[in-house]
Amino acid sequence: MSRETADAVTALVAELQAGWDTGDAVMTDRSLAGDVLWGSPFGETLQGADELHEIHVRLKKQGMGGPSSRFEVVRVMAPTADVVLAQVRRQALSADGAALAPTANAGSGGEPFSEMILYVLVKRDDRWWLAAGHNTPIREKPASQASQAS
């Protein structure tokens with residue numbers, strides 16, 4: 001992976017973190033491609049930056065996901081020079097900045113939740129754009145799977 005692709009992911013995560021910290025959907029969505037394809041943590045799919053931005057504005061007003069979060073790059077790969085795949089964890093934090101443990105109902109009922117997000121970045125006209133994403137809530141493992149390795 002080139003330095004440029006690593007920098008593209010670092011810049012995206014910095015924008016996401018700044019947008020979360022300030023409650024600013026414009027900052028969060030600054031790098032969305034106009035034709036972005038998005039999968040929600042609840043199985044919905046949408047296409048288009050305007051539609052996704054409206055949802056982000058609403059979710060930020062509602063405080064969905066919790067009051068504070070930390071974005072962490074988990075894995076990155078670049079299958080081509082103009083495409084980057086990045087797995088990013090959004091870790092929900094308590095008021096004192098401690099990581100919140102996953103729950104069985106993470107993402108439902110308005111409680112804070114963490115999630116894994118798969119981002120697809122593409123380079124168009126010498127700029128990196130977020131072309132697709134999919135969020136998956138991180139939930140506590142059922143008791144029957146708790147002793148199994150991930």
Side-chain angles (χ1 to χ4, degrees), residues 1-94 97-124 127-142 145 150:
M1 182 173 51
S2 74
R3 183 79 202 148
E4 179 188 8
T5 56
D7 289 349
V9 173
T10 300
L12 173 67
V13 169
E15 284 179 2
L16 296 171
Q17 187 69 63
W20 191 279
D21 291 346
T22 61
D24 185 348
V26 172
M27 172 68 73
T28 298
D29 295 343
R30 181 178 288 169
S31 292
L32 291 179
D35 59 348
V36 65
L37 181 63
W38 202 264
S40 84
F42 308 106
E44 298 171 2
T45 301
L46 63 93
Q47 187 165 12
D50 292 341
E51 185 178 359
L52 184 56
H53 181 70
E54 288 176 22
I55 292 167
H56 285 163
V57 167
R58 179 175 42 84
L59 293 177
K60 288 190 181 301
K61 284 181 184 174
Q62 295 171 345
M64 189 64 145
S68 183
S69 289
R70 177 179 55 245
F71 287 81
E72 306 165 344
V73 176
V74 176
R75 298 239 167 118
V76 178
M77 65 180 273
T80 72
D82 294 340
V83 176
V84 177
L85 308 175
Q87 279 194 314
V88 174
R89 176 183 298 110
R90 185 189 59 78
Q91 176 66 58
L93 305 174
S94 67
L100 296 173
T103 64
N105 297 321
S108 60
E111 69 182 66
F113 66 96
S114 299
E115 58 192 335
M116 289 296 296
I117 309 116
L118 176 61
Y119 293 117
V120 178
L121 289 87
V122 297
K123 189 174 182 183
R124 295 179 182 158
R127 187 182 188 295
W128 287 97
W129 295 97
L130 181 55
H134 186 85
N135 303 47
T136 303
I138 298 173
R139 294 197 168 118
E140 148 185 271
K141 286 185 180 179
Q145 296 178 3
S150 303

Atom OG of Ser68 and atom CG of Leu93: how far apart are they, to the nearest 0.5 Å?
-> 4.5 Å

How many angstroms lie between CG in Leu121 and CH2 in Trp129, if you round to the nearest 0.5 Å?
-> 11.5 Å

Can you check whether Lys141 reaches Pro102 side chain to side chain, under 4.5 Å on heavy atoms?
-> no

Please round to the nearest 0.5 Å and tell me the distance separating atom CD1 of Ile117 and atom CG of Leu16.
-> 7.5 Å

Which atom of Ala33 lies closest to which atom of Ala49, heavy atoms considered = O-CB, 3.5 Å

Could you tell me whether Arg3 atom CZ has more than 12 heavy atoms of other residues or ligands within 6.0 Å of it?
-> no

Counterpart residues, side chain to side chain donor-acceptor pair (under 3.5 Å), relative to Arg30 (two or more places apart) | none

Residues that Arg75 engages under side chain to side chain donor-acceptor pair (under 3.5 Å), provided they are two or more places apart = none

Of all residues at least two apart in sequence or in a different chain, which pass the side chain to side chain donor-acceptor pair (under 3.5 Å) check with Glu72?
-> Arg70, Arg89

Sequence-distant partners of Lys123, side-chain contact (heavy atoms from CB on, under 4.5 Å), two or more places apart = Glu4, Asp82, Asp126, Trp128

Listed partners of Glu115 passing salt bridge (Lys or Arg N to Asp or Glu O under 4.0 Å), at least two apart = Arg90

Does the Gln87 side chain pair with the main chain of Val74, one donor and one acceptor, at a distance under 3.5 Å?
-> no

Glu15 (side chain) donor-acceptor with Asp29 (main chain) under 3.5 angstrom = no

To the nearest 0.5 Å, tell me how far Leu59 CG sits from Glu54 CD.
-> 12.0 Å

CH2 of Trp20 to CE of Met27, rounded to nearest 0.5 Å, is 15.0 Å

For residues 41-52, pull every pair meeting side-chain hydrogen bond (donor to acceptor under 3.5 Å, both in side chains), keeping only residues two or more places apart or in separate chains.
-> none

From OG1 (Thr136) to CZ (Phe42), nearest 0.5 Å | 10.5 Å

Note, Thr5 side chain near Val76 side chain (heavy atom, < 4.5 Å) | no

